[in-house]
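This report concerns only the one structure given below.
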2 protein chains.
Amino acid sequence: MKLDDAAAHLEALGNPTRLKIYRALIRAGGAGLAVGRLQEKLKIAPSTLSHHIKALVVVGLVTQVRDATTLICHANYEVMRELVGFLVAECCTESAETKDTKTAA
Amino acid sequence: MKLDDAAAHLEALGNPTRLKIYRALIRAGGAGLAVGRLQEKLKIAPSTLSHHIKALVVVGLVTQVRDATTLICHANYEVMRELVGFLVAECCTESAETKDTKTAA
DNA sequence: ACGGTATTTCCAGAACTATCGAAATATGGA
DNA sequence: TCCATATTTCGATAGTTCTGGAAATACCGT
């Protein structure tokens, strides 16, 4: 993962509302959670929620699948793992300057 | 770590310039890096750099120690570890709700 | 096609962020 | 004290984000 991508992912998660959305999706597990359920849970205006979900979808942290009239949102674990991998490899070790430390995953 | 704190940390890192600053400090290791060296490295205006460093210092990701006229910046590994710990515990596992964390909020 | 539910898009305003030059401040040395 | 270096603060501007109401769109059952 490149630095700019990591920054984009971090920015997407760097908002309390979006982080709550993401955490709710993680807790929902593989079944995911409909936009409407998120709206009930978080109690924010539908347009605002849609705006934040989009920000997460754009960077790949969340995916959506339509089920009739409802849209089910899923957390994308793989992208999160890549992000955490980047942080651990590039931002956690005192000798991160050796670029080959990205092997961890 | 609380969700709002995690979001604040993620927001601080969620900017390419700030993430570069932070990574440079990690790579500098325990010796840290003076603001001026960062400025040479990243080639941004001193005022802009100061602004970004402050954002990192405010959330505790970076600390500063004065050495005569120069200010040495250090990455705070512990805060980063806490942040990664939050992400792993709350945002990486499919059954995050069944962990030692509280139930849905 | 119609009606109903689910969700997004559009619009707008307030608040915030990023940027940088210029001026101010901090520190130590001559 | 006065100067030089290092860094921050101030001020201004352009662009972006957050918010939510209203309208539009998507989909399904009948």
Side-chain angles (χ1 to χ4, degrees), chain A residues 3-25 28 31-76, chain B residues 3-25 28 31-76:
Chain A
L3 183 137
D4 282 0
D5 295 325
H9 290 133
L10 292 165
E11 182 181 36
L13 292 171
N15 171 283
T17 300
R18 284 195 296 270
L19 193 51
K20 279 177 198 140
I21 291 170
Y22 190 82
R23 188 178 59 172
L25 294 179
L33 212 49
V35 174
R37 297 290 85 74
L38 280 169
Q39 207 254 303
E40 290 168 5
K41 234 186 219 295
L42 304 177
K43 304 203 166 51
I44 56 181
S47 55
T48 304
L49 177 60
S50 186
H51 162 74
H52 284 306
I53 290 176
K54 193 159 147 191
L56 291 167
V57 169
V58 161
V59 298
L61 279 161
V62 167
T63 58
Q64 292 178 306
V65 174
R66 186 171 277 282
D67 174 24
T69 60
T70 74
L71 258 183
I72 312 291
C73 303
H74 298 268
N76 186 334
Chain B
L3 184 138
D4 281 2
D5 295 324
H9 291 132
L10 291 165
E11 182 180 36
L13 292 171
N15 172 282
T17 300
R18 283 196 297 270
L19 192 50
K20 279 177 198 140
I21 292 170
Y22 189 81
R23 190 179 57 173
L25 293 179
L33 212 48
V35 174
R37 304 321 286 243
L38 280 169
Q39 207 254 303
E40 289 168 7
K41 234 183 220 293
L42 304 177
K43 305 206 163 51
I44 56 182
S47 54
T48 304
L49 177 61
S50 187
H51 162 75
H52 284 305
I53 291 176
K54 192 160 150 190
L56 291 167
V57 168
V58 160
V59 298
L61 279 161
V62 167
T63 58
Q64 292 178 306
V65 174
R66 185 171 277 283
D67 174 25
T69 60
T70 75
L71 258 183
I72 312 290
C73 303
H74 298 268
N76 186 335

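Letters A, B, ... mirror the listed sequences (proteins, then strands); counts begin at 1.
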Considering only heavy atoms, which members of residues 33-41 of chain B lie under 4.0 Å from some atom of DNA chain D? B:A34, B:V35, B:G36
Atom pair CD/CG of B:Q39 and B:L49 - distance to nearest 0.5 Å: 6.5 Å
Which atom of B:A31 lies closest to which atom of B:I72, heavy atoms considered: O-CG2, 3.5 Å
Its contact letters, B for base, S for sugar-phosphate only and - for none at protein heavy atoms under 4.0 Å, make nucleotides 10-23 of chain D read --------SBBBB-
Could you state the atom-to-atom distance from NZ of B:K54 to C1' of D:dA6 in whole Å? 17 Å
Would you give the length of the straight line joining atom CG of A:L25 to atom CG of A:L38, rounded to the nearest 0.5 angstrom? 5.0 Å
Can you pull out the residues from residues 65-72 of chain A that lie within a 4.0 Å heavy-atom distance of DNA chain C? A:T69, A:T70, A:L71
If an axis is fit to five pairs at each end of the helix from C:dA1-D:dT30 to C:dA30-D:dT1, what is the angle between the two, to the nearest 10°? 20°
Within this structure, what is the NZ-CG distance for the pair A:K20 and A:N15, rounded to the nearest 0.5 Å? 8.5 Å
Between P on D:dT8 and CG on B:L49, what's the gap in Å once rounded to a whole number? 7 Å
Drop me the distance from A:H9's NE2 to A:N76's CG, to the nearest 0.5 angstrom. 8.5 Å
Run the side-chain donor-acceptor check on residues 41-48 of chain B: report pairs under 3.5 Å with partners two or more places apart or on a different chain.
from  : atom 1 : to    : atom 2 : distance (Å)
B:K43 : NZ     : B:E40 : O      : 3.4

Assess the residue pair B:L19 and A:L10 against the criterion (side-chain contact (heavy atoms from CB on, under 4.5 Å)); give the C-alpha distance rounded to whole Å, side-chain angles, the decisive distance to 0.1 Å, and a yes or no. CA-CA 10 Å; B:L19 192 50; A:L10 292 165; 4.0 Å; yes
A:L56 has an atom CG; how far is it from atom P of C:dT7, in whole Å? 16 Å
Can B:V35 and B:C73 be said to form a side-chain contact (heavy atoms from CB on, under 4.5 Å), step by step? CA-CA 7 Å; B:V35 174; B:C73 303; 3.7 Å; yes
Which whole-number value in Å describes the distance from A:L10 CG to C:dT17 P? 17 Å
Please give, in whole Å, the distance from D:dC27 C1' to A:Q64 CD? 15 Å
Cut-off 3.5 Å, no hydrogens considered: what does the side-chain donor-acceptor table look like for residues 51-64 of chain B, sequence neighbours left out?
from  : atom 1 : to    : atom 2 : distance (Å)
B:H52 : ND1    : B:R18 : NH1    : 3.1

